[in-house]
Amino acid sequence: SMELADAMSFLADRHQGTLITLKRDGRPQSSNIAFVVDGDQIVVSVTDGRAKTKNLQRDPRATLHVNGDAFYAFVVVDADVELMPVAADPHDATADALVDYFRAVSGEHPDWEEYRAAMVADGRLLLRLTPTHAYGILP
């Protein structure tokens with residue numbers, strides 16, 4: 001086990017990981033995702049209707065596994081998950097938060113109105129993970 005602060009500082013420089021949620025039968029379901037650290041939370045963009053989203057609606061616990069540059073280095077964070085509402089309008093709170101998320105991961109978008117419309121069309125929402133426990137091997 002490691003300090004959450006150490007885990008979060010490791011994650012702050014990274015944007016790619018594997019999100020593990022729990023299927024109905026209790027087995028893990030694993031997805032490669034992009035994420036961004038926002039204060040003491042981790043934010044992930046997902047699509048409504050996907051397996052991981054349905055799993056979290058049923059059981060809002062997740063684990064995020066993030067590799068370091070060296071093969072042996074990794075951090076795993078267990079978290080409680082809050083699901084934002086699905087983006088329903090290009091200028092609702094979720095769409096605004098998705099703009100912030102995109103900026104943090106990728107920088108500026110060439111057409112924010114197009115991006116906002118795409119988020120609604122995709123049925124996008126954000127997961128906000130609050131870490132409860134961390135382990136792994138820091139570099």
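These values consider heavy atoms only, across backbone and side chains, with no hydrogens, waters or symmetry-generated copies.
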Side-chain touch M8/V37, heavy atoms, less than 4.5 angstrom: yes
L56 backbone acceptor or donor facing R61 side chain under 3.5 Å: no
Enclosure of Q57 CD (heavy-atom neighbours >12, cutoff 6.0 Å): yes
Main-chain N/O of F35 paired with H15 side-chain donor or acceptor, under 3.5 Å: yes
Single-linkage hydrophobic cluster L127~V77, side-chain heavy atoms < 4.5 angstrom: yes
L83 and L125, any side-chain heavy atoms less than 4.5 Å apart: yes
Heavy-atom neighbours of E3 CD exceed 12 at 6.0 Å: no
Sub-4.5 Å side-chain heavy-atom contact between P60 and E82: no
Heavy-atom closest pair, residues L19 and A62: CD1-CB, 3.9 Å
Hydrophobic cluster identity match, L98 and V105, side-chain contacts under 4.5 Å: yes
Test: R103 cationic atom under 6.0 Å from Y101 six-membered ring centre, within 45° of axis: no
Stepwise salt bridge (Lys or Arg N to Asp or Glu O under 4.0 Å) check, D38 with R128: CA-CA 9 Å; D38 180 19; R128 297 194 70 90; 2.8 Å; yes
Test item: T53 side-chain N/O and T47 main-chain N/O as donor-acceptor pair under 3.5 Å: yes
Beyond-backbone contact of I42 with V36, side-chain heavy atoms, under 4.5 angstrom: no
Minimum heavy-atom distance between I20 and S30, given as atom pair plus value: CG1-OG, 4.2 Å
Pair H109-D111, side-chain donor/acceptor within less than 3.5 Å: no
Hydrophobic cluster membership, M119 vs V86, 4.5 Å side-chain cutoff: no
Heavy-atom check, side chain of L64 versus side chain of V76, under 4.5 Å: no
More than 12 heavy atoms of other groups within 6.0 Å of R58 CZ: yes
R116/D89 salt bridge by N-O under 4.0 Å criterion: no
Rounded distance [0.5 Å steps], OG1 in T21 versus CD in Q29: 4.5 Å
Any donor-acceptor N/O pair, T94 side chain to P85 backbone, under 3.5 Å: yes
Verify same cluster id: L129, M84 (apolar side-chain graph, 4.5 Å): no
Atom pair NE2/OH of H65 and Y135 - distance to nearest 0.5 Å: 8.5 Å
Expected output: side-chain R14 to main-chain F10 donor-acceptor under 3.5 Å: yes
Any donor-acceptor N/O pair, T132 side chain to D78 backbone, under 3.5 Å: yes
Nearest non-hydrogen partners of V120 and P90, listed with the distance: CG2-N, 3.6 Å
Heavy-atom pair of closest approach, residues A7 and V75: CB-CG1, 3.7 Å
Closest heavy-atom pair and its distance - Y72, F74: O-CD2, 3.3 Å
Check: V81 and V44 side chains under 4.5 Å, non-hydrogen atoms: no
pair D6-L138: side-chain heavy atoms closer than 4.5 Å: yes
Q16/N67 under side-chain contact (heavy atoms from CB on, under 4.5 Å): CA gap, chis, key distance, verdict: CA-CA 8 Å; Q16 295 178 327; N67 289 320; over 6 Å; no
Ion pair K23/D25, N-O distance below 4.0 Å: no
Transitive ILVMFWY side-chain link V43 to V46, under 4.5 Å: no
Q41 versus T130, closest heavy-atom pair with distance: NE2-OG1, 2.9 Å
